[in-house]
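What follows is a short report on a single structure.
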Amino acid sequence: IREEFNTYRNLRTSKIIIIGPPSSGKTFLAEQICKKLSHPYLFALNLVEFAKNETGDFAQEVQQKLQEVEEIVQKAADDYEHRKGKKKTDPPFDPTPYRKFPEEFFNKIIHRKVEKGECASRGYLLDGYPKTYQEADDLYSEMVEDEDFKPVKVIKKEKLPSVVINLSEMDEEFILKRIKDLNETATKDELAAITDRFTRRMGKVKDIQAEEGYIPVLKFFEENQVPVFNVDGKESVREIIKKCNEFLLGINDGKKNKNY
């Protein structure tokens with residue numbers, strides 16, 4: 001019924017993923033695109049909030065997972081507080097790396113969100129996920145039985161995004177400089193906390209990339225014929241937004257994206 005309605009009203013949906021290094025401007029760009037296209041904006045925190053407000057068995061499963069996550073965070077906080085060699089100048093405990101759902105369950109939340117309501121009829125923009133080839137493969141595939149009733153993994157083509165926007169061409173030095181430029185009024189301590197958070201996030205990215213068998217997430221989308229728009233993150237914000245809008249217009253055969 002939804003497809004018939006969209007066809008009748010000449011409505012086109014687009015499922016967009018935006019990726020790039022930490023503090024590369026993904027969030028601001030995502031907000032601008034969503035404003036332009038009237039798309040729901042999906043990111044980790046609001047996906048978790050969506051899951052919390054669900055009902056039935058899924059809601060109970062969410063609460064159980066949340067409790068497990070908070071127990072992990074509390075243990076990590078206690079370990080950090082009572083670690084050897086603790087100094088007064090050490091930064092405060094950061095719970096962010098620990099406060100996340102297991103990948104399999106987070107993928108379940110994403111699918112539940114995008115398959116209903118405005119995401120199903122309008123499309124959506126997913127910010128910063130998946131980050132690796134394996135995450136993408138897990139998100140967009142499922143196990144089915146072949147003709148011999150043996151389990152095989154297949155890519156669900158209908159779940160793949162319409163396009164991936166990749167903010168690239170930015171090294172760590174450039175991003176750090178931009179962080180400092182955007183926080184000119186911050187105190188020395190505030191700026192130190194901001195840059196330290198970026199450095200730690202960037203360090204985690206490097207750790208993932210250094211793992212044996214690591215494959216860039218873009219490889220997955222290229223293998224599955226998902227259009228990838230590589231945009232130079234060093235360009236001005238105005239130019240980046242302009243180019244993204246032009247590209248999104250292009251994948252709609254030159255017609256204005258209309259989903260509202």
Side-chain angles (χ1 to χ4, degrees), residues 1-7 12-19 40 42-44 47-48 50-52 54-69 71-72 97-166 204-230 251:
I1 295 175
R2 182 182 294 116
E3 290 181 3
E4 291 179 1
F5 175 80
N6 287 345
T7 301
R12 290 177 293 278
T13 63
S14 52
K15 299 172 287 187
I16 305 167
I17 288 178
I18 183 167
I19 60 176
L42 309 183
F43 55 97
L47 283 166
V48 171
F50 157 77
K52 288 180 182 178
E54 287 292 87
T55 58
D57 293 341
F58 185 71
Q60 294 179 6
E61 191 176 1
V62 170
Q63 291 304 320
Q64 181 181 345
K65 292 296 182 183
L66 281 172
Q67 184 176 346
E68 292 172 2
V69 169
E71 288 173 357
I72 292 172
Y98 307 94
R99 187 166 283 140
K100 58 183 179 181
F101 283 119
E103 179 190 315
E104 182 180 352
F105 191 70
F106 188 62
N107 289 346
K108 188 175 181 179
I109 294 174
I110 293 174
H111 287 310
R112 193 175 179 94
K113 175 65 177 176
V114 303
E115 290 171 1
K116 61 194 303 186
E118 59 182 357
C119 287
S121 57
R122 290 185 176 186
Y124 59 86
L125 188 150
L126 179 58
D127 182 356
Y129 188 86
K131 294 182 174 65
T132 67
Y133 184 104
Q134 190 59 55
E135 286 180 347
D137 189 57
D138 291 341
L139 178 61
Y140 296 112
S141 64
E142 65 179 33
M143 299 301 295
V144 299
E145 289 184 346
D146 64 11
E147 57 185 14
D148 296 321
F149 303 103
K150 295 179 180 179
V152 293
K153 180 184 278 190
V154 297
I155 301 297
K156 303 297 289 182
K157 298 290 186 180
E158 70 276 9
K159 293 184 178 181
L160 288 170
S162 311
V163 61
V164 175
I165 297 175
N166 176 38
K204 290 181 176 64
V205 171
K206 292 178 180 178
D207 289 344
I208 292 173
Q209 294 174 345
E211 291 177 358
E212 185 177 354
Y214 166 77
I215 305 175
V217 67
L218 288 178
K219 181 72 173 175
F220 173 86
F221 295 119
E222 290 166 358
E223 288 177 354
N224 289 282
Q225 290 81 53
V226 176
V228 176
F229 180 49
N230 295 300
I251 65 172

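Note that these values count all heavy atoms, side chains included, but never hydrogens, waters or copies made by symmetry.
- Within the 4.5 Å cutoff, no side-chain heavy atoms of Phe105 are placed close to those of Gln64.
- Atom NZ in Lys113 sits 11.5 Å away from atom CD1 in Ile109 (nearest 0.5 Å).
- Heavy-atom contacts from other residues, nucleotides or ligands closer than 6.0 Å to CD of Gln67 number 12 or fewer.
- Within a 6.0 Å sphere centred on CD of Glu145, heavy atoms belonging to other residues, nucleotides or ligands number more than 12.
- Tyr140 and Phe220 have parallel rings, their planes meeting at less than 30° on a 0 to 90° scale where 60° marks the start of perpendicular.
- For the side chain to side chain contact (heavy atoms under 4.5 Å, CB included) criterion with Tyr129, the lone passing option out of Val217, Asn107, Ile17, Ile18 is Asn107.
- Heavy atoms only, all atoms of each residue included: Glu103 and Gln134 are closest at OE2-O, 4.1 Å.
- Here the shortest heavy-atom pairing between Phe106 and Ala44 reads CZ-CA, 4.0 Å.
- With a 4.5 Å cut-off on side-chain heavy atoms, Val114 and Leu126 do not count as touching.
- Around CG of Asp57, the count of heavy atoms belonging to other residues, nucleotides or ligands within 6.0 Å does not exceed 12.
- At a threshold of 4.0 Å, the pair Lys153-Asp138 counts as salt-bridged, since one of the basic side-chain nitrogens sits closer than that to a carboxylate oxygen.
- Rounding to the nearest 0.5 Å gives a distance of 4.0 Å between CD1 of Ile19 and CG of Leu218.
- Atom CD of Glu222 is separated from atom OH of Tyr133 by 10.5 Å, given to the nearest 0.5 angstrom.
- Counting heavy atoms from C-beta on, the side chains of Gln209 and Thr132 never come closer than 4.5 Å.
- A distance of 10.0 Å separates CD1 in Ile155 from CD in Glu142, rounded to the nearest 0.5 Å.
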